[in-house]
Amino acid sequence: MSFQNKVNLEPAKGWHGDFASTNVRVSLLGDGCFQAGANGVQAGSFVWVDEATQTVVNTGEGVPAGFVGREITGVPAQYLEEASMNIPEGFMVTVYEKGEFLVALPEGKDEVKRGDTVFVDVSTGAVTVKGNILPTTYKYVSSAKGGDLVAISAWI
């Protein structure tokens, strides 16, 4: 288990993948529920859906189907077990087509401006600013620099 290495003076505004507001959220509907595909799915990332198998994965082509927020998934935990953002294969996943979420920008010197399009890494589903990327339907709510926690929204 890793050791705590940061203490905030003020309460954190949230964590990567959290809901950024209580505004309307639109989840993707399918024939039943979506399940995490092979290797699971990372919460706080964009995903693609395989309609034939009703599975969700972090890799794909074209515009992602939506975003997976950070929420309780019913994963059993051991006392003092280190947490993970991975939703295991076969577990239920809620895919949000629209909403507002907090994301941690990758470390670096890159900056984003309010209203810029959010890009996704097609090999991981992570929010990124460079590499093997595609635009999403989400925009940045405020300006931020690498390493910052920033809100993204599909409503802007």
Between NZ on residue K145 and CD on residue E107, distance to nearest 0.5 Å: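 Between K145 NZ and E107 CD, I get 9.5 Å after rounding to 0.5 Å.
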Straight-line distance of C33 SG to Q54 CD, nearest 0.5 Å: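 With rounding to 0.5 Å, SG (C33) is 8.0 Å from CD (Q54).
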Please examine the side chains of [Y] and [X], heavy atoms only from C-beta on, and report whether any two atoms are closer than 4.5 Å.
X    : Y    : result
L28  : V49  : yes
Q35  : F91  : no
E71  : T94  : yes
L149 : K13  : yes
I156 : V141 : yes
T55  : W48  : no
V122 : E61  : no

Following the transitive rule for hydrophobic clusters with a side-chain heavy-atom cut-off under 4.5 Å over Ile, Leu, Val, Met, Phe, Trp and Tyr, establish whether [X] and [Y] coincide in one cluster.
X    : Y    : result
V47  : I87  : yes
V41  : F67  : no
I133 : V127 : no
I152 : L134 : yes
M85  : V118 : no

Donor-acceptor pair between S45 and N58 side chains, under 3.5 angstrom: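 Note: S45 and N58 side chains meet the donor-acceptor criterion.
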Exercise: do E100 and N23 side chains pair donor with acceptor under 3.5 Å: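 Indeed, the side chains of E100 and N23 share at least one donor-acceptor pair under 3.5 Å.
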All pairs passing ring pair (Phe, Tyr, Trp, His ring centres under 6.0 Å) where residues 123-156 contributes a residue, at least two apart: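 As it turns out, the ring pair (Phe, Tyr, Trp, His ring centres under 6.0 Å) pairs with a partner in residues 123-156, which skip direct neighbours, are F46-Y138.
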For the side chain of [X] and the backbone of [Y], is there at least one donor-acceptor N/O pair under 3.5 Å apart?
X    : Y    : value
H16  : V103 : no
S143 : R114 : yes
K98  : V24  : no

[X] and [Y]: which non-hydrogen atoms are nearest, and at how many Å?
X    : Y    : value
V56  : V95  : CG2-CG2, 3.9 Å
T128 : V120 : CG2-C, 3.8 Å
P135 : V63  : O-CG2, 4.4 Å
A144 : L105 : CB-CD1, 3.7 Å
P64  : T136 : CG-CG2, 4.1 Å
A43  : G69  : CB-O, 3.9 Å

Within 6.0 angstrom of N39 CG, more than 12 heavy atoms from elsewhere: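 Open: at most 12 neighbouring heavy atoms sit under 6.0 Å from CG of N39.
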Ring geometry between F19 and Y96 (parallel below 30°, tilted from 30 to 60°, perpendicular above 60°):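 Taking F19 first and then Y96, their aromatic rings stand perpendicular (interplane angle over 60°).
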Pairing residues for S142 by the side-chain contact (heavy atoms from CB on, under 4.5 Å) criterion, not counting sequence neighbours: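 With neighbours one apart ignored, the set is V150.
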Pairing of D116 and K113 as salt bridge, 4.0 angstrom limit: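 No.
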